[in-house]
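Heads up: the structure comes next, in structure tokens.
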2 protein chains.
Amino acid sequence: MKPTIKDIAAESGVSIATVSRVLANKTGSYSEKTAAKILKIAKELGYRKNSAAVDLVKKRSNVIALIINATPTNFSTQIIDGIQQRAGELGQGVIILYAGDRDNTLQHQAIITALERSVSGILLAAIEPDAEDLTLLKASRIPFCFVSLYLGTADILAVSSDNRDLAYQATQYLIDRGHSRISLVGIDNYHTGSQRQAGYRDAMAANRLATPAILPGDYSFAAGERLLQQVQAQHVTAVIAASDMVAAGLLTAAHQRGVRVPEDLSIMSIDGTIICQITTPALTSMTQDFYRIGSQSVNKVMGQPAEDFVPVEITERASVARVH
Amino acid sequence: MKPTIKDIAAESGVSIATVSRVLANKTGSYSEKTAAKILKIAKELGYRKNSAAVDLVKKRSNVIALIINATPTNFSTQIIDGIQQRAGELGQGVIILYAGDRDNTLQHQAIITALERSVSGILLAAIEPDAEDLTLLKASRIPFCFVSLYLGTADILAVSSDNRDLAYQATQYLIDRGHSRISLVGIDNYHTGSQRQAGYRDAMAANRLATPAILPGDYSFAAGERLLQQVQAQHVTAVIAASDMVAAGLLTAAHQRGVRVPEDLSIMSIDGTIICQITTPALTSMTQDFYRIGSQSVNKVMGQPAEDFVPVEITERASVARVH
DNA sequence: ATAGGCATTGTAAACGTTTACGCAAAGTGA
DNA sequence: TCACTTTGCGTAAACGTTTACAATGCCTAT
């Protein structure tokens, strides 16, 4: 049998209350001597606390649940690192619940699991919630925060890049380099996608430029590969890719079809993960600070001051050319 | 207050025992009528079970803990998917505990957290355990299994590729294509690394070929970038990269230094993730079945029949040339 | 000597579930 | 009709902690 505080109490001749106090480090309510004795015995016995018992009586577990989409985004590790780091500083553990790939049943299931564990906060990374999810979350009275997704309403906690601004900046960057026929590629119509579309359109409009049709996609490498042909048909000189993966797909297809990057086509990527360094040429990108998005979201869900929007940065590499 | 089975019992005029039985679906110990009534009330009240209470009384939580290295390996998602999928089939939840990046304290901490939660199994992905970790694990009586790491001893559960064989095959593949000066690059001396070194050496020896110095590294992109220079100094015609990331780094550096791949240098990568498709040229690889490694490790830790070694496959892309 | 305060410890209730055991009512077979 | 089984449900203990409250002994100030 696994030893319990009862065993320690018996062994050391004190009550379980005292053992509990020593083990929980309740300062000033026991003598040095007993503490030493109890700690020693606990160690000898190989004692491990039973979290279930603790959580039950405390009605709350010191754990943040991170519900995350299984889509192979290459930035999730950075987000997780940021979360892990900050959560640790605040004395919280992190459990990660995978919610499949835009699978509503699994998403729902993951949320329920988090609720059943009475976690101290729920983080939802790259998850587009449906109405039911939101109802569930709101009814639970457990704080929750979306990570890398802004639902467009201030009454739901969220930390992300300012996607409208991000796309605006990307577009303007290309315009400043002489491009006027620019398209946006590989994007969807969910929150993040439409925010970026808006930023792109606004920037084009502000420069009195015609906006080619936006080419929809799912942020994936395959989408990028597939879409190059349509990009060519648009006769643009530059594209903004919805993600690094889309940019990489575009680039691979470009190599195959003899389109030179950036001479024939400039590519501006969104995300700025390591993918941008791996490709040839390296991809100029709007770089998001995913680590910071993660750490700020922990602050937010734990009721600490936090940013809503984390700054983005333009990282110049080799996939964008000047034109005149 | 969150509703409990006591509330449901009061509301429906039965005892908490009956409520518990209905909610836990203990077939054949209650009437259809009461079941319907209880389920209805539970729904109305928005009842959620308290896992802490369940785990406490059952002395076991239906959860597999996955302890994972934070190193940005691009294959972890595939492993996690496999684990998630199989665990779901066996009625187990999955919690993921990040263990930092080869950080022994954090690794230790993660293991302790898993033990405290009395999970039904512990999976350790890409974790090199120290002696203390192993002691802790063994003392716990909770089954544990290493994922994508073979410690070289049969009494510790593990599922991985056969790394010796993998490296042997990679080497032989290159030799079959006419290469005789082949080096192994970016690898370390931990278990996986030394198994691959052995396979490489054995294959070279079996073909009576001289073995150039193995170039050590940490499986990273940066290591690959840095090591190209040393590869050039070795005057080899082909390299085996310890990971896709190393291969990508090698390739990027090759572009910069005007080394043509595969004409001047063939690269054989190990892992076969999407990275191999992104680069130009695409990387020929020893492809591991990470998804299967994940699902088999769940089987193993849950006491079901499972493979020790999951087959690897050679995926021919464009980074290896024939020489004569 | 006495009262009050403090340091240290113990007693016992509480957290929300599961489940062994028992009991009543209803059904079954002779 | 009787004995027996089955069905459906209730009672109460148990899981391992935390913590409010009470108790004890000792110290200090009067």
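Letters A, B, ... mirror the listed sequences (proteins, then strands); counts begin at 1. All values below were derived from every heavy atom in this structure, side-chain atoms included, with hydrogens, water molecules and symmetry-related copies excluded.
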As a test of reading the structure: which of D:dT18, C:dT17, D:dT17 is closest to the side chain of B:Thr4, going by heavy atoms?
C:dT17
As a test of reading the structure: which of C:dT19, C:dG16, D:dT18 is closest to the side chain of B:Asn50, going by heavy atoms?
C:dG16
Classify the ring geometry between A:Tyr150 and A:Phe309 as parallel (under 30°), tilted (30 to 60°) or perpendicular (over 60°).
perpendicular
For each nucleotide in nucleotides 4-14 of chain C, reading 5' to 3', give B when a protein heavy atom comes within less than 4.0 Å of its base, S when such contact involves only the sugar-phosphate, and - otherwise.
----SBBB---
Without decimals, in angstroms, what is the distance between [X] [atom1] and [N] [atom2]?
X: B:Lys58; N: C:dT18; atom1: NZ; atom2: P; answer: 6 Å
X: B:Asp7; N: C:dC15; atom1: CG; atom2: C1'; answer: 13 Å
X: B:Ile5; N: C:dT19; atom1: CD1; atom2: P; answer: 12 Å
X: B:Ile38; N: D:dG8; atom1: CD1; atom2: C1'; answer: 11 Å
X: A:Lys59; N: C:dT17; atom1: NZ; atom2: C1'; answer: 14 Å
X: B:Asn25; N: C:dT17; atom1: CG; atom2: P; answer: 16 Å
X: A:Leu56; N: D:dT17; atom1: CG; atom2: P; answer: 12 Å
X: B:Asp55; N: C:dT18; atom1: CG; atom2: P; answer: 10 Å

Are a donor atom and an acceptor atom from the side chains of A:Asp218 and A:Ser220 found within less than 3.5 Å of each other?
yes
Of all heavy-atom pairs between [X] and [Y], which one has the smallest distance, and what is that distance?
X: B:Gln304; Y: B:Arg86; value: OE1-NH2, 3.7 Å
X: A:Ala87; Y: A:Val94; value: CB-CG2, 3.6 Å
X: A:Arg21; Y: A:Ser29; value: CD-OG, 3.8 Å
X: B:Pro129; Y: B:Gln107; value: CA-OE1, 4.2 Å

What's the separation between atom CD1 in A:Ile68 and atom OH in A:Tyr98, rounded to the nearest 0.5 Å?
5.0 Å
Could you check whether A:Lys26 gets within reach of a base, just the sugar-phosphate, or nothing at all, counting any heavy atom under 4.0 Å?
sugar-phosphate
Partner set under salt bridge (Lys or Arg N to Asp or Glu O under 4.0 Å) for A:Glu132, not counting sequence neighbours:
none
A:Lys49 vs D:dT17: side-chain N/O to OP1/OP2 distance below 4.0 Å:
no
Taking 4.0 Å as the cut-off, does a side-chain nitrogen or oxygen of B:Lys2 come that near to OP1 or OP2 on C:dC15?
no
Quickly, which of B:Asn69, B:Leu137, B:Leu149 forms a side chain to side chain contact (heavy atoms under 4.5 Å, CB included) with B:Leu124? Name it, please.
B:Leu137
Hey, can you pull the residues of residues 111-122 of chain A with a non-hydrogen atom under 4.0 angstrom from DNA chain C?
none
